[in-house]
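Right, one structure below, let's go through it.
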Amino acid sequence: MMKITLILFLTITLISQGYSGRCGEPHNSLNDCHIDSQCQKLEDCCDDYKKQCGRRALASVSDAEIKSLSETLYKLDHNRATTSELVIDPQTLISSSETGSRDDASSRPLFKQVSSTLLSKPTYKALLNLLDNYRRVTGEVEDVPSQEVQEQDTFLQQTMNTDVGRELYNFLHSKGIYSSQSEFIQDLKMMWFGLYSRSSGKLDSSGFEHIFAGEIKGGKVSGFHNWLQLYLNEKQGLLNYYSHSFNGPWTTYPDVLGMQFEWDGYFKEVGSAFIGSSPEFDLAIYSLCYITRPGKKCYVSLGGQTLGIQTYTWDNSSYGDGKKYIASAYPATP
């Protein structure tokens, strides 16, 4: 009798509060359906679990787990550049108070050597095919023909063919966040490539464009946090490297730089990026932090060194069951 009364009480509570009030709760065998982080794996979720909770169940991913996984991803980044494949020349280090001075303090290019062998690897080739697909000025509608959609699919699939991509998926799957790899890839596609408006209501931007390709907004460089895009534009004479205000403690790649540069006449006061990381590593680290700590600073561990990754959500529109597009993500430098 007591058990029946308790179940009735829980049912009434569910009705009055909605499933969302239980999101992320510990497993309770008295419930007839579940909202805990393992319910997708155990196939006993409440019917509208995803609609009501979305990613709120991610409270079960601890800071320690994020650091442990990021350390594993760092070790699994077999496609990272070696010091013989990538040679950079950072030159002048300036203080944080000087980043807005717009003084070109470095007479030489940042990139001295980038191996063609490195750029021919599948994930690198897939990323390079994407970087010329965008209109950099916000307010200009992005046209996405079928060929570009295929390039998006190829990039995501190639990342999942790597140890880095598989490790990230396996972790998120073990947490019940994704029930299949196809669900994960589709969510990445929407999260990163789904279009939204940064200006005048026009579908002119996406997380991928902002972070990997870079944009121009309000007469300034916005986003632009990928080293391959930096290299390509410098090689084409479109980017002039000025200086750096942060150089990470890593002695091998990936490293992190906080840079000042001019992009075809537009200035970036501090543009931080991983240097020498593989495309799959960038995508995995940013996705890990965005999925588990959206809109917050997420602390990862790379080679025993702690690094903050800042992410932002795009709050003006959503996809699926109210999921938020990624607005920005980058290494947080002093």
Can you pull the salt bridge (Lys or Arg N to Asp or Glu O under 4.0 Å) pairs that have at least one residue in residues 192-202, sequence neighbours excluded? Arg198-Glu215
Flag side-chain contact, heavy atom, 4.5 Å: Leu239 against Asp264: no
Check whether any side-chain N or O of His244 sits under 3.5 Å from a backbone N or O of Pro90 as a donor-acceptor pair, and report yes or no. yes
Could you walk me through whether Tyr330 and Ile211 satisfy the side chain to side chain contact (heavy atoms under 4.5 Å, CB included) test, starting with their C-alpha distance in whole Å, then the side-chain angles of each, then the deciding distance to 0.1 Å, before giving a yes or no? CA-CA 8 Å; Tyr330 53 85; Ile211 296 163; over 6 Å; no
So CD of Glu167 and CG of Leu288: to nearest 0.5 Å the spacing works out to 11.0 Å
Glu183 side chain to Ser180 side chain, donor-acceptor N/O pair below 3.5 angstrom: no
Say you draw a straight line from NE2 of His78 to OG1 of Thr162; how long is it, rounded to the nearest 0.5 Å? 8.5 Å
Sorted by chain and number, sequence neighbours left out, side chain to side chain contact (heavy atoms under 4.5 Å, CB included) with Glu71 holds for Tyr74, Lys75, Ser301
pair Leu302-Val256: side-chain heavy atoms closer than 4.5 Å: no
Would you compute the distance between atom CG of Leu195 and atom CD of Glu209 and round it to the nearest 0.5 angstrom? 8.0 Å
Check whether any side-chain heavy atom of Ile309 lies under 4.5 Å from a side-chain heavy atom of Lys297, and answer yes or no. no
Does the Ser318 side chain pair with the main chain of Gly322, one donor and one acceptor, at a distance under 3.5 Å? no
Any chain of hydrophobic side-chain contacts (each under 4.5 Å) joining Leu131 to Trp263? yes
For Phe267, side chain to side chain contact (heavy atoms under 4.5 Å, CB included) partners two or more places apart: Arg102, Tyr242, Gln260, Glu269
ILVMFWY network linking Phe281 to Tyr299, side-chain heavy atoms under 4.5 angstrom: no
Evaluate side chain to side chain contact (heavy atoms under 4.5 Å, CB included) for Val300 paired with Thr306, printing each intermediate quantity in order. CA-CA 6 Å; Val300 299; Thr306 298; over 6 Å; no
Side-chain donor-acceptor contact under 3.5 Å, Ser278 with Asp77: yes
Whether the side chain of Glu142 engages the backbone of Arg135 through a donor-acceptor N/O pair (distance < 3.5 Å, no angle test) should be reported. yes
What do the steps show when you test Ile177 against Val61 for side chain to side chain contact (heavy atoms under 4.5 Å, CB included), and what is the final call? CA-CA 10 Å; Ile177 298 166; Val61 179; 4.2 Å; yes
Would you confirm whether Trp192, through its side chain, and Asp187, through its main-chain N or O, come within 3.5 Å as a donor-acceptor pair? no
When you compare the side chains of Glu151 and Thr154, does any donor N or O come within less than 3.5 Å of an acceptor on the partner? no
Between Met160 and Gln181, is there a side-chain heavy-atom distance shorter than 4.5 Å? yes
With a 4.5 Å heavy-atom cut-off, do Val270 and Phe261 have their side chains touching? no
Mind checking whether Ile275 and Pro254 have side chains closer than 4.5 Å, heavy atoms only? no
Give every residue pair that meets the disulfide bond (SG atoms under 2.5 Å apart) criterion with at least one member in residues 183-234, sequence neighbours excluded. none
Can you name the nearest heavy-atom pair linking Leu76 to Val164, along with the distance? O-CG2, 3.6 Å
May I ask you to decide if Phe155's main-chain N or O and Gln158's side chain share a donor-acceptor pair within less than 3.5 Å? no
Ser68 side chain to Glu65 backbone, donor-acceptor under 3.5 Å: no
Check the hydrophobic clustering (I, L, V, M, F, W, Y; side-chain heavy atoms under 4.5 Å; chains of links allowed) and say if Leu119 and Phe111 are grouped together. yes
Any sub-3.5 Å donor-acceptor pair from Thr138's side-chain atoms to Ser199's backbone N or O? no
Return each pair, listed once, that meets disulfide bond (SG atoms under 2.5 Å apart) where at least one residue sits in residues 94-173; pairs must be two or more places apart or across chains. none
Does atom CZ of Phe171 have more than 12 heavy-atom neighbours from other groups under 6.0 Å away? yes
Taking distance alone, no hydrogens or angles, what donor-acceptor pairs closer than 3.5 Å link side-chain atoms of residues 217-232 to residues at least two apart or in another chain?
{"from": "His225", "atom 1": "ND1", "to": "Ser272", "atom 2": "O", "distance (Å)": "2.8"}
{"from": "Asn226", "atom 1": "OD1", "to": "Leu228", "atom 2": "N", "distance (Å)": "3.1"}
{"from": "Asn226", "atom 1": "OD1", "to": "Gln229", "atom 2": "N", "distance (Å)": "3.2"}
{"from": "Asn226", "atom 1": "ND2", "to": "Asp282", "atom 2": "OD2", "distance (Å)": "3.3"}
{"from": "Trp227", "atom 1": "NE1", "to": "Ser277", "atom 2": "O", "distance (Å)": "2.8"}
{"from": "Gln229", "atom 1": "OE1", "to": "Asn233", "atom 2": "ND2", "distance (Å)": "3.3"}
{"from": "Gln229", "atom 1": "NE2", "to": "Ala213", "atom 2": "O", "distance (Å)": "2.9"}

For residues 218-313, which residue pairs pass the disulfide bond (SG atoms under 2.5 Å apart) check, not counting sequence neighbours? Cys289-Cys298
Going by atom types alone, do Tyr134 and Asp204 pair a side-chain donor with an acceptor below 3.5 Å? no
With Pro145 via side chain to side chain contact (heavy atoms under 4.5 Å, CB included) - residues at least two apart: Asp143, Glu148
Any pair counted as side-chain hydrogen bond (donor to acceptor under 3.5 Å, both in side chains), so long as it reaches residues 120-131, sequence neighbours left out: Thr123-Glu280
Let me see the working for Thr82 and Leu86 under side chain to side chain contact (heavy atoms under 4.5 Å, CB included), right down to the final yes or no. CA-CA 6 Å; Thr82 65; Leu86 173 61; over 6 Å; no
Under 6.0 Å between ring centres, would you say that holds for Tyr178 and Tyr169? no
Please determine whether residues Ile88 and Ile94 belong to a single hydrophobic cluster, defined as Ile, Leu, Val, Met, Phe, Trp and Tyr linked transitively by side-chain heavy-atom distances below 4.5 Å. no
Checking Tyr253 side chain against Ala81 main chain: does a donor-acceptor pair fall under 3.5 Å? no
Do any N or O atoms from the side chain of Thr311 and from the backbone of Tyr286 form a donor-acceptor pair under 3.5 angstrom? no
Side chain to side chain contact (heavy atoms under 4.5 Å, CB included) with Ser317: which residues, sequence neighbours excluded? Tyr196, Trp314, Tyr325
Applied to residues 300-316, the salt bridge (Lys or Arg N to Asp or Glu O under 4.0 Å) test, sequence neighbours excluded, yields Asp315-Lys324
Interatomic distance, OG1@Thr92 vs CD@Glu98, rounded to 0.5 Å, equals 10.0 Å
Provide the full list of side-chain hydrogen bond (donor to acceptor under 3.5 Å, both in side chains) pairs with a residue in residues 105-114, sequence neighbours left out, each pair given once. Asp89-Arg108
From Leu118 CG over to Glu85 CD, what is the distance, rounded to the nearest 0.5 angstrom? 4.5 Å
Phe208-Phe212 aromatic ring centre distance below 6.0 Å: yes
Hey, any chance Leu203 and Phe193 share a hydrophobic cluster, counting ILVMFWY side chains that come within less than 4.5 Å of each other, even indirectly? no
State the OH-OG1 distance between Tyr290 and Thr313, to the nearest 0.5 angstrom. 5.0 Å
